[in-house]
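Written out below as structure tokens is the structure these notes cover.
Here the structure is a predicted model, which is why all the values come from computation and not from measurement.
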Amino acid sequence: MAGLFFWKKKRTTEEATPEAVVVEVVAEEPTAVVEVVAEPVIVEPTPVLEVVAEPVVVEPVVETVVEPAPVVEPTQELEKVELPKRSAKKGIRSLFSRVKFDPENLDELEDVLIQADFGIDASMSIVAEVKERAKKSGASTEVQLKQILADVIAENLEREDKGLNLSDGKLPYVFLVVGVNGVGKTTTIGKLANWLTEGEWSVFIGAADTFRAAAVEQVATWAERAGAQLVRSKTEGADPASVAYEAVEAAIKAEADIVIIDTAGRLQNKADLMGELDKISRVIEKQAQISEVLLVIDATTGQNGLVQAKAFAEVAKVTGVVLTKLDGTARGGIVYSIQRELGIPVKLVGVGEGINDFAFFDAVEFANGLVS
């Protein structure tokens with residue numbers, strides 16, 4: 001069988017035959033040799049037990065990734081600042097101190113309103129409303145009729161957007177102040193800056209009316225009085241836009257709250273004015289948004305003030321009107337005309353030359369002052 005080995009033993013002669021004796025040996029028939037073939041012993045191989053090791057199952061290591069906590073940008077808490085109160089009541093001149101209020105003769109009110117720059121259409125509308133309310137309520141006394149007139153005027157002047165934009169938190173707030181020369185623009189800037197610094201706001205003023213050296217000196221004086229930082233050009237006649245840019249840049253670096261930009265008051269050429277204001281606006285908005293464009297109008301100019309307002313409204317995105325010298329005229333109806341015809345709210349009023357002679361426009365206070 002394949003795989004088995006057989007061994008045969010080799011036989012040898014140990015004794016030798018003598019030399020002198022010759023013996024003839026007759027061989028006998030050979031005895032049959034029975035060859036015993038041994039049955040091969042089959043040794044069954046010991047089975048080799050193959051020990052197969054149980055596979056070691058290695059549980060995958062789950063790496064726990066700890067996500068970093070989201071970085072929460074710190075939010076600016078808008079501190080509610082209690083700014084000083086200002087009232088314009090004492091500076092508003094009455095329109096009807098010499099007018100007798102009589103239910104049968106209210107047409108006289110119409111003439112007074114027209115003379116006070118309310119405009120013809122507005123005056124007629126106001127008187128018609130007063131007559132209707134007086135008839136419904138049965139009002140007959142002068143006190144009752146005056147209150148109805150004041151209510152009608154106040155209701156028509158009241159607007160939700162009459163406040164300055166000082167609440168959206170996008171600092172610094174930038175106020176662009178525009179208007180013709182001589183209307184009290186520089187004085188308004190000084191009063192506004194003073195009111196803000198009294199409320200612990202940090203204020204920068206940009207002297208961008210570079211065409212008049214006197215204008216820069218005037219605004220510098222007001223800035224000093226108000227405790228505001230002034231940014232001015234070192235050279236006379238510098239580009240107004242560059243001064244405006246530098247003022248905003250300085251305010252941002254100082255983390256100031258407010259920037260007030262003075263501008264030239266030229267109105268000889270609308271195209272030039274539009275180009276200049278547009279350039280100033282563009283360079284400012286590279287760094288910060290403009291919160292307000294305030295148009296300053298002299299209340300004593302009457303309907304001419306409305307003409308100015310229309311001209312500036314065409315070239316600048318005016319957001320509010322500042323009515324100055326209200327104490328020097330009984331023609332405060334220009335407020336009514338501006339809001340009615342231009343849709344621009346009157347936000348501030350000036351009632352004197354003092355640094356504190358400044359107030360937010362209050363429709364009820366204004367109407368009661370006119371009618372008292």
Side-chain angles (χ1 to χ4, degrees), residues 88 91-93 113-123 157 159 161-162 164 175-192 208-212 214-215 218-219 240 244 260-281 290 292-353 357-361 366:
I92 301 172
R93 291 192 177 188
L113 291 172
I114 292 172
Q115 292 172 12
D117 291 321
F118 275 80
I120 296 175
D121 292 340
S123 299
L157 287 175
R159 292 176 62 111
D161 56 352
K162 65 180 181 180
L164 290 176
F175 295 164
L176 192 62
V177 182
V178 301
V180 300
N181 293 330
V183 294
K185 189 158 47 73
T186 304
T187 305
T188 295
I189 290 171
K191 291 178 180 180
L192 179 57
D209 184 358
T210 59
F211 293 97
R212 293 187 305 126
Q218 287 170 3
V219 79
I260 305 174
I261 306 295
D262 188 17
T263 62
R266 299 172 303 159
L267 194 58
Q268 290 87 349
N269 188 309
K270 282 190 202 176
D272 290 345
L273 178 65
M274 180 171 61
E276 182 179 305
L277 292 178
D278 181 62
K279 184 178 179 181
I280 291 173
S281 298
I290 296 175
E292 296 278 1
V293 178
L294 300 175
L295 171 61
V296 182
I297 294 177
D298 183 344
T300 63
T301 60
Q303 288 298 307
N304 190 42
L306 181 59
V307 174
Q308 293 173 16
K310 287 180 178 179
F312 273 94
E314 289 175 5
V315 301
K317 297 176 182 178
V318 178
T319 60
V321 169
V322 181
L323 197 63
T324 63
K325 307 178 187 178
L326 194 60
D327 57 317
T329 180
R331 299 166 67 182
I334 189 63
V335 174
Y336 201 97
S337 298
I338 290 171
Q339 293 198 162
R340 179 185 175 93
E341 295 192 32
L342 301 182
I344 301 172
V346 174
K347 296 194 173 188
L348 306 172
V349 292
V351 289
E353 291 298 321
D357 296 333
F358 154 86
F360 281 95
F361 179 72
F366 180 73

Where do Arg340 and Asp121 come nearest, in terms of heavy atoms and distance? NH2-CB, 4.2 Å
With rounding to the nearest 0.5 Å, note down the distance linking CZ in Phe361 to NZ in Lys347. 13.0 Å
Electrostatic pair Asp262-Lys185, nearest N-O below 4.0 angstrom: yes
Does any non-hydrogen side-chain atom of Tyr336 lie less than 4.5 Å from one of Asp117? no
Are Ser281 and Ile290 close enough that some pair of their side-chain heavy atoms sits under 4.5 Å apart? yes
Tell me, do Phe366 and Val346 make a side-chain contact under 4.5 Å, heavy atoms counted? no
What's the verdict on side chain to side chain contact (heavy atoms under 4.5 Å, CB included) for Leu192 and Phe175, showing C-alpha distance, side-chain angles and the deciding distance? CA-CA 10 Å; Leu192 179 57; Phe175 295 164; 3.8 Å; yes
Check for a donor-acceptor pair, side chain of Thr263 on one end and backbone N or O of Asp209 on the other, with a separation under 3.5 Å. no
With Arg159 via salt bridge (charged side-chain N to carboxylate O under 4.0 Å, His left out) - residues at least two apart: Asp161
Return the CG to NZ distance between Asp357 and Lys325, rounded to the nearest 0.5 Å. 13.5 Å
Nearest 0.5 angstrom please: Phe211 CZ to Asn181 CG, how far? 11.0 Å
Over all heavy atoms of both residues, which pair between Phe312 and Val318 is shortest? Give the atoms and the distance, please. O-CG2, 4.0 Å
Do the side chains of Leu157 and Gln339 get nearer than 4.5 Å, heavy atoms only? yes
Evaluate side chain to side chain contact (heavy atoms under 4.5 Å, CB included) for Gln308 paired with Val183, printing each intermediate quantity in order. CA-CA 11 Å; Gln308 293 173 16; Val183 294; 4.0 Å; yes
Minimum heavy-atom distance Ala244-Ile280, with the two atoms named: CB-CG2, 3.9 Å
Close side-chain approach of Val296 and Thr324, heavy atoms under 4.5 Å: yes
Find the distance between CG (Leu295) and CD1 (Ile338) and round it off to the nearest 0.5 Å. 7.0 Å
Do the non-hydrogen side-chain atoms of Leu277 and Val178 ever get within less than 4.5 Å of each other? yes
Taking atom NZ as the centre, does Lys279 end up with more than 12 heavy-atom neighbours from other residues, nucleotides or ligands that are less than 6.0 angstrom away? no
Of all heavy-atom pairs between Gly119 and Ser123, which one has the smallest distance, and what is that distance? O-OG, 2.6 Å
If you round to the nearest 0.5 Å, how far is CD1 of Ile297 from OG1 of Thr188? 11.0 Å
Just so I know, are the side chains of Leu306 and Ile334 near enough to count as touching, which here means a heavy-atom distance under 4.5 Å? yes
Between atom CD1 of Ile260 and atom CG of Leu176, what is the distance when rounded to the nearest 0.5 Å? 11.0 Å
